[in-house]
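Here is the structure we will look at.
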Amino acid sequence: MKKRIGALLLAMLMVMSLLAGCGSTTEDEDTTDSTTSDTTEDSTESTDDTTDDSTEETLTLTEIPEEAKADPIAYVTDGAISASDTVITADGAEIPANLYFYWLTYYYNYYSYYYYYYYGYTFDVTEVVDEDEGSTVADTLVYMASNISEMYAVLNDKADEYGITLSEDQETSLSEVLTNYNDNALLYYTTNAEGLEEAYRESCQATNLQDYLYGEGGEYEPTDETIADYAEEQGYYTCRYILLYTADLEDDDDGRAAQQEAAQAIYDALQGVSADELEDTFAEYQAESNYDENTDEYTFDSDDSLVDGFRELVETLEVGEVGMTDETDYGYFVILRLDYSEDTLAEIEDDYISDLYNSQIDEWMNAATFETSEALDGMDWQACFERIIALQSAIAAEEEAAAAEEEESEDADTTEDTDTVEDTDTTEDTDTAEDADTTEDTDTAEDTEATDDTAEDTTEE
């Protein structure tokens with residue numbers, strides 16, 4: 001079943017997966033050449049031997065600047081905004097820069113890594129995404145950071161109105177998160193400990209608010225009837241299926257006919273199975289015959305995209321009834337319609353609550369008033385992202401150097417241990433040799449004494 005995840009829930013998933021450090025993404029973040037200008041002309045070809053002053057050079061850093069350590073937001077904004085400055089107000093609630101820039105950098109990191117990992121695509125913030133408006137990737141990231149910051153501010157205010165606070169487990173988790181984030185990790189997200197803590201607290205409060213309103217005992221807790229009505233409205237169906245695959249048999253009429261016969265045989269065999277045994281028997285056929293080896297229940301809703309013929313058949317079946325499709329683009333399906341399991345009902349309820357909560361959030365957001373600071377409105381975002389990227393590159397270089405130094409130290413320790421072992425072996429060899437020499441000397445002395453005794457005995461005789 002496809003889960004409906006709105007902007008709020010997606011953001012929650014993101015913030016709850018905060019990285020313990022920046023090492024896992026920095027190697028994929030080397031996008032500092034994205035703003036390099038190609039307008040420089042060779043001076044030997046210029047008629048007046050002058051250099052184009054408009055040429056832009058990509059910012060590079062060989063080490064982390066001290067001013068960035070003191071205030072990362074002031075550094076990336078070239079002094080226009082400081083970490084504690086208010087950049088947005090949401091119905092009077094102040095959103096500080098250290099929180100806003102955390103989200104801005106988080107979205108940049110997230111999508112940069114996503115596109116590089118899945119598509120091998122270097123994320124370029126200067127890329128134009130809307131030709132008509134001339135908006136860039138950077139503009140989109142700024143919009144997303146503003147939206148999530150404003151939304152969490154509104155939800156946090158609502159949570160305060162209801163007297164909701166973080167649970168003991170959430171406070172413990174927060175302490176662990178703050179402990180795991182060292183100075184470099186905070187810099188990597190263009191924030192400080194206060195900004196990170198606020199981001200975590202607000203995300204927890206958003207979850208707590210949803211549970212307070214729609215969870216067990218909540219004011220809007222859904223009933224079994226409302227869940228059933230929602231499931232019908234959204235077109236949820238649960239079934240098991242067996243696929244006899246024919247998509248690779250386009251030119252094999254005999255093969256396709258064999259698959260049709262196999263599907264028909266399974267369908268006919270299931271007609272005589274009692275209701276109590278039907279699901280288990282169907283599962284056995286799934287394990288033996290299903291092309292994709294799927295033996296689980298399958299739940300879908302009206303938003304899911306299915307091969308033509310599949311949904312249409314399921315909608316005609318009663319719970320506990322078996323049907324068979326005509327040949328689809330994938331092949332022949334034998335399908336058993338099922339009632340919702342407890343797990344499926346729980347997922348449908350989650351979807352229902354998600355839809356309700358997102359609708360309520362939209363209502364609150366539409367009623368709220370937001371104001372941005374002049375400094376934020378007037379920000380040169382291309383230059384800002386260039387500094388963020390350069391700073392991340394410097395952090396990555398510093399961590400790589402530290403890791404290499406640690407590895408060299410470990411190798412040196414290993415070498416010293418090896419030398420010590422060899423020295424010990426040498427000592428043992430020396431001791432063994434000395435013992436051997438001593439033994440030989442003793443044996444020789446004894447032999448000599450024995451010879452003398454023999455000589456004396458002979459003389460006596």
Side-chain angles (χ1 to χ4, degrees), residues 4-18 72-73 76-77 80-111 125 129-130 133 135-162 164 166 189-192 194-214 354-379 381 384-385 388:
R4 290 182 174 82
I5 302 179
L8 168 68
L9 296 183
L10 178 59
M12 288 181 187
L13 292 176
M14 289 180 177
V15 77
M16 295 305 288
S17 62
L18 293 173
I73 290 92
V76 301
T77 62
I81 301 173
S82 297
S84 60
D85 290 349
T86 298
V87 293
I88 302 175
T89 57
D91 274 351
E94 298 181 347
I95 299 172
N98 55 10
L99 177 60
Y100 178 87
F101 277 85
Y102 165 78
W103 284 117
L104 179 71
T105 310
Y106 188 92
Y107 279 124
Y108 168 77
N109 292 344
Y110 178 84
Y111 286 106
V125 297
V129 294
D130 189 324
E133 296 186 4
S135 59
T136 64
V137 170
D139 297 325
T140 302
L141 295 173
V142 169
Y143 169 79
M144 294 172 69
S146 298
N147 187 66
I148 194 70
S149 298
E150 293 167 354
M151 181 177 66
Y152 273 143
V154 169
L155 297 182
N156 191 59
D157 187 52
K158 292 295 180 182
D160 287 344
E161 288 180 15
Y162 285 105
I164 300 171
L166 266 62
Y189 280 86
T190 325
T191 191
N192 51 27
E194 291 77 11
L196 178 65
E197 179 177 354
E198 187 63 21
Y200 187 88
R201 284 188 178 280
E202 287 190 349
S203 69
C204 287
Q205 284 290 70
T207 302
N208 294 342
L209 180 59
Q210 174 178 298
D211 292 340
Y212 180 87
L213 295 174
Y214 305 102
S354 174
D355 282 353
L356 282 181
Y357 195 29
N358 279 305
S359 295
Q360 179 62 77
I361 290 171
D362 288 342
E363 183 178 326
W364 285 333
M365 291 287 286
N366 290 333
T369 301
F370 306 101
E371 295 182 5
T372 56
S373 67
E374 292 183 5
L376 197 68
D377 285 337
M379 182 59 54
W381 290 112
C384 181
F385 272 108
I388 290 173

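Just so it is clear, the values below take in all heavy atoms, side chains as well, and ignore hydrogens, waters and symmetry mates. Computed from a predicted model, the values in this text were never measured in an experiment.
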Heavy-atom closest pair (T191 atom, P72 atom, distance to 0.1 Å) is O-CG, 3.6 Å

I want to check something: taking the side chain as every heavy atom from C-beta on, are I88 and Y100 in contact at a cut-off of under 4.5 Å? yes

For A145 and I148 the tightest heavy-atom approach is O-CG2, 3.3 Å

Side chains of E363 and N366: any donor to acceptor distance under 3.5 Å? no

For the student: nearest non-hydrogen atoms of M365 and F370, plus distance: O-CE1, 3.7 Å

List for me each residue that meets side-chain hydrogen bond (donor to acceptor under 3.5 Å, both in side chains) alongside D139, sequence neighbours excluded, and say none if there are none. T136

Are any non-hydrogen side-chain atoms of L213 and Y162 less than 4.5 angstrom apart? yes

When rounded to the nearest 0.5 angstrom, what distance separates CG in L356 from CD1 in I361? 11.0 Å

Indicate yes or no for a side-chain donor-acceptor contact from T372 to the backbone of L376 under 3.5 Å, with no hydrogens or angles considered. no

Shortest non-hydrogen contact from L155 to A206? CD1-CB, 3.8 Å

Within the distance-only criterion (no hydrogens, no angle test), does the side chain of N208 pair as donor or acceptor with the backbone N or O of C204 below 3.5 angstrom? yes

Do I95 and Y152 have side chains that approach each other closer than 4.5 Å (heavy atoms only, starting at C-beta)? no

How are the rings of Y106 and Y102 set relative to one another: parallel (under 30°), tilted (30 to 60°) or perpendicular (over 60°)? tilted

Let me confirm one number: the CG-CD distance from N156 to E198, rounded to the nearest 0.5 Å. 6.0 Å

Quick one: are I81 and V87 in side-chain contact, heavy atoms under 4.5 Å? yes

Measure across T77 and I73 and return the closest heavy-atom pair with its distance rounded to 0.1 Å. OG1-O, 2.7 Å

Give the minimum heavy-atom separation between E150 and A90, together with the two atoms involved. O-CB, 4.4 Å

Contacts of T190 meeting side-chain hydrogen bond (donor to acceptor under 3.5 Å, both in side chains) (sequence neighbours excluded), chain-then-number -> T105

Would you check if the side chain of S203 reaches a backbone N or O of Y200 as a donor-acceptor pair within less than 3.5 Å? yes

Does E161 CD have over 12 foreign heavy atoms under 6.0 Å away? yes

Would you say the side-chain atoms of Q205 pair up with the backbone N or O of I164, donor to acceptor, closer than 3.5 Å? yes

From S373 atom OG to M379 atom CE, the distance as rounded to the nearest 0.5 Å: 8.0 Å

Are any side-chain N or O atoms of S82 and backbone N or O atoms of D85, one a donor and one an acceptor, separated by less than 3.5 Å? no

For the CD atom of E202 and the CG atom of L209, what is their distance to the nearest 0.5 Å? 12.5 Å

Going through the distances and angles, do F101 and C384 end up as a side-chain contact (heavy atoms from CB on, under 4.5 Å)? CA-CA 11 Å; F101 277 85; C384 181; 3.9 Å; yes

Side-chain heavy-atom pair Y108, V137 within 4.5 angstrom cut-off: no

Which distance, rounded to the nearest 0.5 Å, do you find between the CE of M144 and the OH of Y110? 9.0 Å

Taking the side chain as every heavy atom from C-beta outward, state whether W381 and L104 have any pair of such atoms under 4.5 Å apart. yes

